[in-house]
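In listed order, ligands and their atoms are each counted from 1.
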Amino acid sequence: MDNSYKIAIIGGTGKVGRHIVSRAIENGYQVRMLVRNPERLTLRDDRIEIVEGDIRNTETIRILIKDCQIVINTFGQPLKEQPIYSSVTENILEIMEDFQIDRYIGVTGGSLTIDGDRKSIINRVGAKMFELFFSNMMADKKKEWHILNNKKFIQWTLIRLPFIVESKEIGLVKENLTDMPGTKITNSDIATFIINQIRNLRYVHKAPFISN
Ligand SMILES: NC(=O)c1ccc[n+]([C@@H]2O[C@H](COP(=O)([O-])OP(=O)(O)OC[C@H]3O[C@@H](n4cnc5c(N)ncnc54)[C@H](OP(=O)(O)O)[C@@H]3O)[C@@H](O)[C@H]2O)c1
């Protein structure tokens, strides 16, 4: 891949996504970012294009990702809302297929359990609690996982995250394909890890856990 590529970013004003835009720019990429509320933007730069709109609008997704080579999705919503993760991801992937864009990097929670996981007892109990207390969200996140699995044309990676802390980069990220290796991670470390995944195809069609 080439650093002149343009990255479409969804959720770039959120807790997870906040540092991704600046890390992309530092690495020489162009960015097109979906923003609902421009006043939430913390960084302005000639290399950042803004698309104002809502991810629920498929025409907005088309405008956002057209001519991009990579899509990074860190969309999030309050726990009390009816979850739309799966439909958002499905719409993005379908439009990516239309435009022949083939690299997608998304995030989800560490409580998502998939075939092949070997979670510790503590993490299994934690996942069960999430399934119990946030059953709608967890069912929707599972649906998102199945949608991704049926999209083999796209080189997707779904990163499973623990609790996010707003802090400076630590620089040490633990990675594991079958269990969460820690309890938290800084959003700066997530940003660096995600931008590195553009060139590193090790986790294509996989859902790694990461933590500090
Ligand atoms: N926070 C954590 O500790 C944590 C832990 C594990 C996994 N995760 C996962 O990480 C992801 C992001 O979580 P987060 O904590 O970063 O969420 P967040 O801080 O609430 O950020 C959500 C982002 O999505 C955008 N967004 C929400 N609804 C939108 C819409 N209708 N159209 C366009 N953009 C919209 C928000 O834009 P606005 O700025 O306009 O609101 C914001 O940029 C979720 O999948 C979550 O499950 C989070």
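Between Ile164 and ligand 1, at least one N/O pair is under 3.5 Å apart. Considering backbone and side-chain N/O atoms, Arg18 never comes within less than 3.5 Å of an N/O atom of ligand 1. For the pair Gly76 and ligand 1, the shortest N or O to N or O distance falls below 3.5 Å. Residue contacts with ligand 1: Ile55 is placed with a nitrogen or oxygen under 3.5 Å of a nitrogen or oxygen of the ligand (distance criterion only). Taking any N or O of Gly14, backbone or side chain, at least one lies under 3.5 Å from an N or O belonging to ligand 1.
Counting heavy atoms under 4.0 Å from ligand 1, residue Pro78 does not touch it at all. Contacts between Thr108 and ligand 1, counted as non-hydrogen atom pairs separated by less than 4.0 Å, involve the backbone only. Heavy atoms from both the backbone and the side chain of Lys15 come within less than 4.0 Å of ligand 1. The part of Thr74 lying near ligand 1 is the backbone, judged by heavy-atom distances below 4.0 Å. Contacts between Gln77 and ligand 1, counted as non-hydrogen atom pairs separated by less than 4.0 Å, are absent for every part of the residue.
The one candidate from Ile61, Thr60, Val71 that meets the side-chain contact (heavy atoms from CB on, under 4.5 Å) condition with Ile10 is Val71. Of the candidates Thr13, Val51, Ile50, Val51 is the only one forming a side-chain contact (heavy atoms from CB on, under 4.5 Å) with Leu34.
Within a 6.0 Å radius of CZ in Phe153, other residues, nucleotides and ligands contribute more than 12 heavy atoms.
Here the protein heavy atom with the shortest distance to atom 37 (O) of ligand 1 is Thr13 OG1, 3.4 Å. When only non-hydrogen protein atoms are considered, atom 38 (P) of ligand 1 lies nearest to Arg40 NH1, 3.3 Å. In terms of protein heavy-atom proximity, atom 5 (C) of ligand 1 is nearest to Pro162 O, 3.1 Å. Counting only heavy atoms of the protein, atom 16 (O) of ligand 1 lies nearest to Val16 N, 2.7 Å. Residue, atom and distance of the protein heavy atom nearest to atom 47 (O) of ligand 1 are Lys141 NZ, 2.8 Å. When hydrogens are left out, the protein atom nearest atom 31 (N) of ligand 1 is Asp54 OD1, 2.9 Å; that is the closest non-hydrogen contact.
Ion pair Glu131/Lys128 flagged as a salt bridge, since at least one NZ, NE, NH1 or NH2 atom sits closer than 4.0 Å to an Asp/Glu carboxylate oxygen. In summary, Lys206 and Glu175 do not engage in a salt bridge, as defined by a charged side-chain N under 4.0 Å from a carboxylate O. Using a cut-off of 4.0 Å between Lys/Arg side-chain N and Asp/Glu carboxylate O, Lys151 and Glu97 are scored as salt-bridged.
Annotation for ligand 1: atoms under 4.0 Å from non-hydrogen atoms of Gly11 are 23 (C), 24 (O), 43 (O). Heavy-atom contacts of Leu34 reach the following atoms of ligand 1: 33 (C) (cutoff under 4.0 Å). Atoms of ligand 1 lying under 4.0 Å from at least one heavy atom of Asn37, given by number and element, are 40 (O). Counting the atoms of ligand 1 from 1 in the order shown, those under 4.0 Å from a heavy atom of Val107 are 10 (O), 11 (C), 45 (O).
When Arg56, Arg36, Glu39 are checked for heavy-atom proximity to atom 35 (C) of ligand 1, Arg36 turns out nearest. Comparing Phe75, Tyr85, Phe163 against atom 28 (N) of ligand 1, the shortest heavy-atom distance belongs to Phe75.
Applying the side chain to side chain donor-acceptor pair (under 3.5 Å) definition to pairs two or more places apart or across chains, those involving residues 30-40 are Arg32-Glu49.
A 4.5 Å side-chain heavy-atom check between Ile55 and Ile92 finds at least one atom pair inside the cut-off. Two residues are said to be in side-chain contact when any heavy atoms from C-beta on lie closer than 4.5 Å; Arg103 and Leu201 meet this criterion. Looking at heavy atoms from C-beta onward, Ile210 lies in side-chain contact with Leu161 at the 4.5 angstrom threshold. Side-chain contact check for Phe193 versus Ile185: every heavy-atom pair is 4.5 Å or farther apart.
Not close to ligand 1: Gly110, with no non-hydrogen atom less than 4.0 angstrom away.
Judged by distance alone, the side chains of Thr89 and Glu144 do bring a donor and an acceptor atom under 3.5 Å apart.
Annotation: ring pair (Phe, Tyr, Trp, His ring centres under 6.0 Å) contacts of Phe75 (sequence neighbours excluded): Tyr85.
Cation-pi check for Lys142 over Phe134 is not met; the charged atom does not lie both under 6.0 angstrom from the ring centroid and within 45 degrees of its normal.
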